[in-house]
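Written out below as C-alpha cells is the structure these notes cover.
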Amino acid sequence: MNDARDPRLLPQALYVHLPFCTAICTYCDFAVERYAAARAVRYLDALERELHTRTAALGLSERFAPRTIFLGGGTPTAFNIPELQRFFEILERDVDTSRTVEFTIEANPGTVDDAKLRFLLEHGVTRLSLGVQSFQPHLLQLLGRVHGADQGPEAISSARAAGFKNVSIDLMHGLPQQTPEKLRNDLQRAIALGTDHISAYSIMYEDGTPLANAVTRGLVTPLTPEEEAAHFQTVMETIESAGWTQYEVSNFARPGFESEHNLIYWRNEAYLGVGVGSASSIGGERNVNHDSVDDYIRDAMSSGLAIASRERLDPVARAGEALMLEWRLRRGVNLAEFAARWGVDLFDGADKSRSESLERYLREGLMERLPDGRIRISRRGLPVSDGILADFV
C-alpha cells in the first residue's frame, strides 16, 4: 500500500478492542465477556499475532504511526497492571506512538485507582473516557452497572489528580424511570466536576439483552418517542448553556476537546481495528472481525487474521456512507466540496431520490442551509437524525 498519508489509503487511527468486563451491563450487546485471568492471557497472545500481521500488511517502511489510538471494550481497565504492561509491550513492538496526538482508553469507575492511572499516563495515554452513564443509584442498578453513584465523581477527581488533562464521560438519556430533572442534574454535575467532553447516548433496547427482555416481559416501561425527544432537547440545552459545543449528534466538548479519534470515523478516513468484533476501513475495503472471543482467538492464533466479513463498496455506495457519517457533524457539509473529494456527485444523476429527500427535509425544517452554503441537520431534526441519514446512504 502507498505510504503517503492519504486518509483514504493509510489508516489514520488504530482501534484496539479489549473485551473483558467485571460484569456485563443489562443493555450491552457488544463483543464482551467477564474477565478471567487465564482468558486475558490467551487473548493477548492472539492480539499480538493479529496486530503484527495487520500492521505488516500495510507495507510501510517503518512502524505504523497512527494519528490517534483508542482502547475500547469491554473495559480495558479491567486488566491489572501486569496485563496492561504486557499489552503496551505488544503495542509498542508494531506501533510507533511518537506521532500520536490523542491516545484514549475507556474505563469504568471502580476499575481505576491512582497507581493504574499513573501507569497509563506513563505509557502515553492522554485521554480517559469514563463510562459513568448516570449519577443516579436507581438508574445505575437498572443498567447493571457495578459502580456506585459516588464512584463516578471519585474517578474523575482521581484522573485529574493523577495528571489527566483530557477527561471524557459517557452519560445516557431516554432511560426508563429517568426524569428530565434528574437528567439535567446529571449533566450539570458532569460539567461542574470539570470534565472536558460528554458523549450523551440514548438507550437502545438490543435484542437478547436483559434490559430488552425485561421490556418484553413488561417489567420495564420504556419512555415514549416524545419523551425520548424531550430528553435529547434537555441534553442539548443544558450542555450548550454551559458554553460547550455540540460538534456531533451525541457528542459535546469544551472548546478544543473534540475527540480526534471519532472525527476520523465521521470524516470516513481510513482506520485499522484489531481485536474481537473490531472493524477496519482501509483502501476502500471494510472488514469486521469475529464477534466471538473463541473464534477470534482460534483464527488469530492460526493465521494472524480473524476477519469474519469483507466488503468493498463501489464509489457511489462509499460516498453515500461518507455523507451519512459526515452529516452527523454539526459543521455541516458543502456538497460541491464533498463531490470533489469523493469523485461522486450523489445529487446529480438518474437517481433523484437523494435530491428529493434533501429538498423535502429542507422544506420541513429538519435540515438547514447555513450562510456559507453548508447543509446540516437542523436542531429540530436532531432527535430523528438516524431516520434522516438513512435516506442518503
Side-chain angles (χ1 to χ4, degrees), residues 6-9 12-13 174 199-202 204 225-226 228-233 235-237 240 245-252 258-259 261-271 279-288 309-393:
D6 183 335
R8 290 175 293 179
L9 295 177
Q12 301 293 289
S199 295
Y201 298 118
S202 177
M204 301 292 289
E226 292 76 17
E228 290 183 352
H231 272 215
F232 189 58
Q233 292 292 341
V235 170
M236 292 189 290
E237 292 166 4
E240 288 178 347
T245 299
Q246 181 182 18
Y247 69 99
E248 191 269 346
V249 173
S250 301
N251 286 271
F252 304 77
E258 297 83 359
S259 169
H261 183 85
N262 287 337
L263 283 169
I264 288 172
Y265 293 155
W266 294 319
R267 291 191 295 252
N268 209 33
E269 297 180 18
Y271 55 89
S280 301
S281 179
I282 305 172
E285 179 184 283
R286 182 174 52 208
N287 54 66
V288 182
S309 64
R310 299 177 185 268
E311 181 181 22
R312 182 167 290 277
L313 301 177
D314 63 49
V316 172
R318 189 161 179 230
E321 183 178 84
L323 181 65
M324 181 191 70
L325 290 167
E326 196 163 345
W327 252 337
R328 292 187 62 88
L329 296 172
R330 301 301 295 137
R331 68 183 185 183
V333 176
N334 181 303
L335 295 182
E337 292 177 357
F338 181 89
R341 184 163 74 252
W342 291 98
V344 174
D345 188 343
L346 295 172
F347 298 89
D348 182 23
D351 183 0
K352 300 295 185 184
S353 60
R354 289 191 184 90
S355 296
E356 291 168 356
S357 294
L358 177 58
E359 291 305 318
R360 184 176 77 255
Y361 288 131
L362 287 169
R363 190 168 57 250
E364 294 173 351
L366 297 176
M367 300 189 78
E368 61 188 0
R369 199 180 301 272
L370 300 175
D372 64 359
R374 302 174 78 86
I375 297 173
R376 69 178 183 181
I377 297 173
S378 68
R379 192 179 185 88
R380 185 170 150 235
L382 285 174
V384 292
S385 58
D386 287 346
I388 293 172
L389 294 172
D391 278 350
F392 298 99
V393 180

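Note that this is a predicted model, so its numbers are computed, not measured.
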Could you measure the distance from the CG atom of Asp348 to the CG atom of Leu335? Nearest 0.5 Å is fine. 11.5 Å
Roughly how far, to the nearest 0.5 Å, is the CG atom of Leu329 from the CD atom of Gln246? 11.0 Å
Flag yes if more than 12 heavy atoms outside Arg369 fall under 6.0 Å of its CZ atom; otherwise flag no. no
Evaluate the criterion side chain to side chain contact (heavy atoms under 4.5 Å, CB included) for residue pair Val249 and Asp386; output intermediate values, then yes/no. CA-CA 10 Å; Val249 173; Asp386 287 346; over 6 Å; no
For the student: nearest non-hydrogen atoms of Ala200 and Phe252, plus distance: CB-CE1, 4.2 Å
Residue list, side-chain contact (heavy atoms from CB on, under 4.5 Å) with Met324, at least two apart or on another chain: Leu389, Val393
Side chain to side chain, Arg328 and Ser250, heavy atoms closer than 4.5 Å: yes
Any heavy-atom pair between the side chains of Phe392 and Leu358 that's under 4.5 Å? yes
I'd like to check the side-chain contact (heavy atoms from CB on, under 4.5 Å) partners of Asn262; sequence neighbours left out, ordered by chain and number. Ser259, Tyr265, Trp266
Least distance between heavy atoms, Leu313 atom then Glu311 atom: CD2-OE2, 3.3 Å
Ion pair present between Glu326 and Arg341, side-chain N to carboxylate O less than 4.0 angstrom? yes
Shortest non-hydrogen pair, Ile264 vs Ala13, comes out as CD1-CB, 3.8 Å
At what distance, to the nearest 0.5 angstrom, does CZ of Arg374 lie from CD of Glu337? 6.0 Å
Nearest 0.5 angstrom please: Arg318 CZ to Ser281 OG, how far? 6.0 Å
Set of side-chain contact (heavy atoms from CB on, under 4.5 Å) partners for Val316, sequence neighbours left out: Asp314, Val344, Leu346, Arg354
What residues form a side-chain hydrogen bond (donor to acceptor under 3.5 Å, both in side chains) with Arg363, not counting sequence neighbours? none
Contacts under 3.5 angstrom, residues 377-384 side chains, donor-acceptor by atom type, not counting sequence neighbours:
unit_1 : atom_1 : unit_2 : atom_2 : d
Ser378 : OG     : Gly365 : O      : 2.6
Ser378 : OG     : Leu366 : O      : 3.1
Ser378 : OG     : Arg380 : N      : 3.4
Ser378 : OG     : Gly381 : N      : 3.1
Arg379 : NH1    : Glu240 : OE1    : 2.8
Arg379 : NH1    : Glu240 : OE2    : 3.4
Arg379 : NH2    : Glu240 : OE1    : 3.0
Arg380 : NH1    : Glu364 : O      : 2.4

How are the rings of Trp327 and Phe347 set relative to one another: parallel (under 30°), tilted (30 to 60°) or perpendicular (over 60°)? perpendicular
Sequence neighbours excluded, the answer for side-chain contact (heavy atoms from CB on, under 4.5 Å) partners of Thr245 is Tyr247
Arg376 side chain reached by Arg331 side chain, heavy atoms, under 4.5 Å: no
Looking at every non-hydrogen atom in both residues, tell me the closest pair between Trp342 and Ala319 and how far apart they are. CB-CB, 4.2 Å
